[in-house]
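Below, chains carry the letters A, B, ... as their sequence lines are ordered, and counting in each starts from 1.
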There are 2 protein chains.
Amino acid sequence: MAARRCRIDDRMTLRMAVTSFESSLRQRCSNCSLREICLPLGLDAEELGKLDQLVKRRRRVFAGQHLFRAGDPLQSLAAVRTGFFKIYEVSAGGHEQITAFPMEGELMGLDAISNDIHRGNALALEDSEVCEIPFAKLEDLLSDLPRLQHQFHKLLSGAIASDHGLMMVLGTMTAELKVAAFLLNLADRLEARGQPRATIHLPMSREEIGNYLGLKLETVSRMFSKLRDDGLIATEGRKTEIRNYTGLRNLCLQGSARA
Amino acid sequence: MAARRCRIDDRMTLRMAVTSFESSLRQRCSNCSLREICLPLGLDAEELGKLDQLVKRRRRVFAGQHLFRAGDPLQSLAAVRTGFFKIYEVSAGGHEQITAFPMEGELMGLDAISNDIHRGNALALEDSEVCEIPFAKLEDLLSDLPRLQHQFHKLLSGAIASDHGLMMVLGTMTAELKVAAFLLNLADRLEARGQPRATIHLPMSREEIGNYLGLKLETVSRMFSKLRDDGLIATEGRKTEIRNYTGLRNLCLQGSARA
DNA sequence: CGTCAATTTGATTTGCCTCAAATTTCGTGG
DNA sequence: CCACGAAATTTGAGGCAAATCAAATTGACG
């Protein structure tokens, strides 16, 4: 296990060498996420070719580095190939709020299209790889490929839908349920990517989880302990194992039953 | 002032006659919201013509009626022409969560594109009028009109951005600040539509505001009273007047300063 | 004018936050 | 490889903001 966390921002030196071979081990899919997303569309070879041309070379982002910051002009959307990010926004009053934890296969920067400027900051929580997709070129391509256009709309719409899911968590759940829902959400997303849903790595701190869920870090920790004591999960540092998936899910369901 | 609220759902009878002429008084803009949205694009006459063909006849939705419900297949997006809606989702556990209060010029149903089925329920809070935009036809048109396509992407992206704004409110603010932010948000949206921002009508109940903000109705009421006692707003039933706009805004800013 | 729902206000409880300390984990250098 | 220091996490005690319970008041509509 090489080094994993890093606070110095945007100027990695020796760490780069150390971790560069590490991430090379992770290359599983032979192509970028955007193309993967489009595989079910039945595009022909020519169309797929256009898609490939669009995607710039993969880019590596080390733990603690920003891929983009609030205020940056939108040039490219970024699809996470490997690793984990956090997206956070800073309010006028200076408060940080994490709005998402994008993982493999998920797009970042969609909210920037509205005014061509990034609202959020994208910070790599672990050494990661992204595919950058120049947005202007993507839009050109979308006009030519209606099925791809439709898929892109689904993607944007899906982002709205998942934000609504989070709003429901924030608005209706107690601390215990919020944490349970958070773990279930991660488990489900892992499973959707063919990874085992029971074992979750959690590259983010308790404080970051709490920020995301509208809780304090101590409360998050207490709820992890409670879920552990109730036999629903097992914890070993940041490695979390879901011991009773249906139990967790039932907890969330009955919890939001009345209010 | 004719009747304003109604609980009987989807079977209005005499009310229809009473209120039908009432909403006819409100016709201010001569065309649909979609076209208005596209005015700054500099489309030529032919393009505008295509746009007009797309939009089905305006549809009236009476207070208490649903325009669509969760589970309905997505056929059309709907732009609010006049009136006010609430969009709410129901969790598996049966809890209702309001995710938005769309008003004039705002689109509903964007989150349904992701899987062609509405997640949310759209309920008219007052007698309203919408323009329905068949989504399949809209996508066809977008391929032909790149500027319109871009505008549509901005619209979707803007929905994501505004959801993030709400998440920040839910995650970081106290009850008082949530209510203040809610009123400011309404005021700003009114102003963006050329209406006076100081006078807000509030077609939703305290309970609905509380649901939206993650508070109980009693708390919402208390915070209205507090803002009133502090001279920031004046209340007269559901008619709310902003007496000190900058004061309200400063309250929100300093409030989220540290956490 | 009477009924019922919505809102306001008050009293009390509670869940989460705050403050504080102990413990574990992790990165670094010996 | 081990030991050290810093940061993250866990756990405890007490306080506070918002929820809950309850009652009075206002307002809407037949």
**Request:** Report the residue (A:Glu236 or A:Val220) whose heavy-atom-nearest nucleotide on DNA chain C is the more 5′ of the two.
**Result:** A:Val220

**Request:** Would you kindly check whether a donor in the side chain of A:Arg228 faces an acceptor in the base of D:dT11, or vice versa, at under 3.5 angstrom?
**Result:** no

**Item:** Any B:Arg206 side-chain N or O less than 4.0 Å from OP1/OP2 of C:dT8
**Value:** yes

**Asked** From the list C:dC17, D:dA19, C:dT7, which nucleotide is the closest neighbour of the side chain of B:Leu217?
**Response** C:dT7

**Asked** In terms of the angle between their ring planes, are A:Phe101 and A:Phe182 parallel, tilted or perpendicular, with boundaries placed at 30° and 60°?
**Response** perpendicular

**Message:** Quiz question: going by heavy-atom distance under 3.5 Å, is there a donor-acceptor pair between the base of D:dC21 and the side chain of B:Glu218?
**Reply:** yes

**Complete:** B:Asn211 atom CG is separated from C:dT7 atom C1', nearest whole Å, by 17 Å

**Request:** Only one of A:Gln97, A:Arg119, A:Glu89 passes side chain to side chain donor-acceptor pair (under 3.5 Å) with B:His164; say which it is.
**Result:** A:Glu89

**Asked** For the side chain of A:Arg222 and the base of C:dT18, is some donor closer than 3.5 Å to an acceptor across the two?
**Response** yes

**Prompt:** Counting just side-chain N and O atoms, does B:Arg238 come under 4.0 Å of either OP1 or OP2 of C:dT7?
**Reply:** yes

**Nearest-angstrom distance from the residue atom CZ of B:Phe224 to C1' of D:dG27** = 16 Å

**Request:** Take the protein atom CE of B:Met223 and the nucleotide atom C1' of C:dT9, then report the distance between them rounded to whole Å.
**Result:** 13 Å

**Interatomic distance where NZ belongs to B:Lys216 and C1' belongs to C:dT7 [whole Å]** = 16 Å

**Request:** Name the nucleic acid region contacted by B:Gly210, choosing base, sugar-phosphate or nothing; use a 4.0 angstrom heavy-atom cut-off, strictly under.
**Result:** nothing

**Complete:** Rounded to whole Å, the NZ-C1' distance (A:Lys226 to C:dC16) equals 14 Å

**Asked** Going by an N to O cut-off under 4.0 Å, is there a salt bridge joining A:Arg59 and A:Glu129?
**Response** no

**Message:** With a 4.0 Å limit, can you tell me whether A:Ser225 has a side-chain N or O closer than that to the phosphate oxygens OP1/OP2 of D:dT11?
**Reply:** yes

**Prompt:** Starting at CG of A:Leu202 and ending at C1' of D:dA8, how long is that distance when rounded to a whole Å?
**Reply:** 14 Å

**Prompt:** Quick one: is D:dA18 close enough that its OP1 or OP2 comes under 4.0 Å of any side-chain N or O from B:Thr219?
**Reply:** no

**Heavy-atom side-chain proximity of B:Leu215 to B:Lys178 below 4.5 angstrom** = yes

**Fill in**
To the nearest angstrom, the CE-P distance between A:Met173 and D:dA19 comes to 17 Å

**Message:** Among D:dA18, C:dC16, D:dT10, which nucleotide has an atom closest to any side-chain atom of A:Ser221?
**Reply:** D:dT10

**Request:** Indicate whether any N or O donor in one side chain lies under 3.5 Å from an N or O acceptor in the other, for A:Ser221 and A:Arg206.
**Result:** no

**Fill in**
Rounded to whole Å, CG of B:Leu213 lies from P of D:dA18 at a distance of 12 Å

